[in-house]
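A note on names: the letters A, B, ... follow the listed sequences, proteins ahead of strands, and every chain is numbered from 1.
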Protein chains: 2
Amino acid sequence: MQPDAAPRPTLADVAARAGVSPSTASLAFSGSGPVSDATKERVLAAASELGYAGPDPRARSLRRGRSGIVGVVLEERVRAAFLDPVKIQMLDGISEGIAPLGAGLLLLTDTGEPGEHAVSIESAPVDAVVLIGCSPRLADSIEALRRRGIPAVAIEGETGEDIPEISIDNLQATRRGAEYLRQLGHTDVAIVTLPFDAARTRGPITEELLRSSTAATASQRLAGAREIFPEATGRVAGASSIEEGLEAARALLADPARRPTAVIAQSDLLAAGVIQAAEELGLQVPADLSVLGFDGIRVDGLQHDLTTLAQPSVAKGRAAGEAVVQMLSGEPPASRCFTSTLHVGDTTAAPRASAD
Amino acid sequence: MQPDAAPRPTLADVAARAGVSPSTASLAFSGSGPVSDATKERVLAAASELGYAGPDPRARSLRRGRSGIVGVVLEERVRAAFLDPVKIQMLDGISEGIAPLGAGLLLLTDTGEPGEHAVSIESAPVDAVVLIGCSPRLADSIEALRRRGIPAVAIEGETGEDIPEISIDNLQATRRGAEYLRQLGHTDVAIVTLPFDAARTRGPITEELLRSSTAATASQRLAGAREIFPEATGRVAGASSIEEGLEAARALLADPARRPTAVIAQSDLLAAGVIQAAEELGLQVPADLSVLGFDGIRVDGLQHDLTTLAQPSVAKGRAAGEAVVQMLSGEPPASRCFTSTLHVGDTTAAPRASAD
DNA sequence: CGTGCCGCTCGAATCGATTCGGCCTAGAAT
DNA sequence: ATTCTAGGCCGAATCGATTCGAGCGGCACG
């Protein structure tokens, strides 16, 4: 009457078989503690006879107080996050940064619904957490992390807490890009922004939306553009994707009489969409329309060398990883702000009819 | 003299404060056990007063025997894996497949060096594991998983164990693609393969390398091609990337006298590299050279509609995730084999000088 | 030959929560 | 009024390993 009752051996079993105490067996395994070679060998032999696969990670992490896992919180579904090359690059950087820890990366998504989820941000066996593009709706989770004493680092997100932040010069960079457009002679510039709120509301840029903005990145980039083009308006996209950029640009470029001579897109994917929309309408880029992007990724299928504000995504991720390592070793980590560089490609030029 | 000694409250503390036993407090939190509303409320109040952030996941997973984490084993470094769109799609599918579990995804890499690593495949608090493109060098790890009783599913990998496999019709699909090339009139076909061994040896395809192959995918696709073109030879790439494809194709196409009229690449990224190499040499694709890929992804920067064998990557991942769910609920899971479809794009055509 | 020291091994406490059987009490039924 | 029942709550064992201080035996030195 033992259906599948094959209880896995425990360290105690191994110890018993080897004729030593559990404590000694434990030392023989993990510790570099004072154990004679003979004993260690005997323990290992007993273990292999019993088919013991090493200490249970769960028990070990309970006792040790560390799980060897670093959580990465993505605001979107995993599928959505992976569509964004910038996120991938950051993840890459993070994994590089935490390499000295030898820790695993646990992908967590902020679904907002802690209900069913066995493992949410609030209840995951992680030693530290990296928040990617976190928004205020994570406030509760962040509070829970703080109470648990789990160190956290935020990439491009306003936490309002004492969490170190890894960011870039969104405002200054965009201003630099806008400045470049002005120098080319553009005066009539439209903007396609990233979403401002958690609901990802699409549509025209309104002051109301701006005031209730919960997305620092979008707000800062917009502010930077407006330092050069105070009157500039445009549309809010629902996400960073070619599709969204296409849709926004169709609206912006629909009326030939009110067409801007340049578009500032807040991401390269959006910019690619804008270019697609322009080509649909028979406009030449950059002759009829200049397009400026942001990110510095290579966009799938895009046949232009996009003029863009290249940000060091991998370095950002790496810095976040390094901050995690620092915090785990007790040092207080510092926030860091990276600088983006203007890459001039072939999607910007002087406006055809210089109106200035 | 308490430097930072602020020991986090435990469930016992909360229970004491609420004037109930730890067991009751536990029920108040997680269980839907028989606890009066009044008591539950009192416990929750005590918890919030103490700043208790909920049960410790480590302790909970020890007791429960489940961690709510599913491991995903990538053969390469995280950075490398994410460069491959196929892997991303699979990951996406996996996360979809295990959604009912509400489990987190732990990224693990098979570095081969368990030494420093705090969390390796062998010692990670996971409830189940998905192996992506696992090779025989994982044998030890797989054995450890088996001993631990951790269910595993393999995608495109020969495990040699009783692990369910999710695969595609590599051989038949490639044969279909090769058949298509033959119908177009090609007789002189070269092949660019994925690596055959863990060392990722580059160079010409040799029978010796084939015999010692540890990569089923590469072997099967090659075999499929040779069912149509038995004499076909070519080069082994060091990875699935445009760069590797470029390098391999440069070697293949270097000598104008011995140029094939078509190249069968074992991945779309390799195919893109082949096309790039051809264009470097002033060859027209498909007029001078037909190129066949494998995967059906959209390749970054490629200006062709690649003729390729499209495989359902997301579905594969989802199937793997579903298999995990099944195994965790006790049902014996089944292996599954998906079918690839030939997508005819604009990179294949009849050879210019039909030599047949 | 005695003592001191060093290195290996062992016991027992601990990490924090979960779970199961038992007990107690209040309300209902007879 | 007494017994039966059932809902609530508690105690104690348990999950599996780690860790620290104590104990003990052997070797070297005086």
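- Under the 4.5 Å side-chain criterion, counting only non-hydrogen atoms from C-beta, B:R148 is in contact with A:P57.
- Distance, A:R8 CZ to D:dC15 P: 15 Å, rounded to whole Å.
- Put simply, CZ on A:R64 is 21 Å from P on D:dC15, counting in whole angstrom units.
- For the pair B:I94 and B:I155, the minimum side-chain heavy-atom distance is below 4.5 Å.
- Across the protein-nucleic acid pair, B:K40 atom NZ and D:dG8 atom C1' stand 13 Å apart, rounded to whole Å.
- Contact annotation: B:R60 reaches the phosphate of C:dT18 (side-chain N/O to OP1 or OP2, under 4.0 Å).
- Distances from the side chain of B:P55 to the nucleotides D:dC10, C:dT18, D:dT19 place C:dT18 closest.
- Between A:S36 and C:dT9, a side-chain N or O to OP1/OP2 separation shorter than 4.0 Å is present.
- Among the atoms of the strands shown, only primed sugar atoms or phosphate atoms (P, OP1, OP2) are found under 4.0 Å from some heavy atom of B:T10.
- Not a single donor-acceptor pair, N or O on each side, falls under 3.5 Å between the base of C:dG11 and the side chain of A:S21.
- The phosphate of D:dC9 (OP1 or OP2) has no side-chain N or O of B:T24 nearer than 4.0 angstrom.
- Here the CZ atom belonging to A:R60 is positioned 5.0 Å from the OG atom belonging to A:S30, to the nearest 0.5 angstrom.
- For B:E143, the CD atom counts as densely surrounded, since its 6.0 Å shell holds more than 12 non-hydrogen atoms of other residues, nucleotides or ligands.
- Closest to the side chain of B:V20, from the set C:dG16, D:dC10, D:dC9, is D:dC10.
- Within the 4.5 Å cutoff, the side chain of B:K87 has heavy atoms near those of the B:I132 side chain.
- Between B:R58 and C:dG16 there is no side-chain polar atom (N or O) within less than 4.0 angstrom of OP1 or OP2.
- Between A:Y52 and D:dA17 there is a side-chain polar atom (N or O) within less than 4.0 angstrom of OP1 or OP2.
- The CZ-C1' distance, from B:R42 to D:dC9, rounds to 11 Å in whole Å.
- A straight line from CG of A:D37 to P of C:dC8 spans 9 Å, rounded to a whole angstrom.
- For B:S30 and C:dA17, the shortest distance from a side-chain N or O to OP1 or OP2 is not below 4.0 Å.
- Nucleic acid contact for A:S23: base, since at least one base atom lies under 4.0 Å from a heavy atom of the residue.
- For the atom pair CG (A:L101) and CD1 (A:I69), the distance works out to 11.5 Å, reported to the nearest 0.5 Å.
- One can find a donor-acceptor pair under 3.5 Å joining the base of D:dT14 and the side-chain atoms of B:R63.
- Distance from the side chain of A:A59 is smallest to D:dG16 among C:dG16, C:dT9, D:dG16.
- Remark: C1' of D:dA17 and CG of A:D13 are 12 Å apart, rounded to the nearest angstrom.
- What separates CG of A:L27 from P of D:dT19 is a distance of 9 Å, to the nearest Å.
- A:R66 has its CZ atom 13 Å from the P atom of D:dT19, to the nearest Å.
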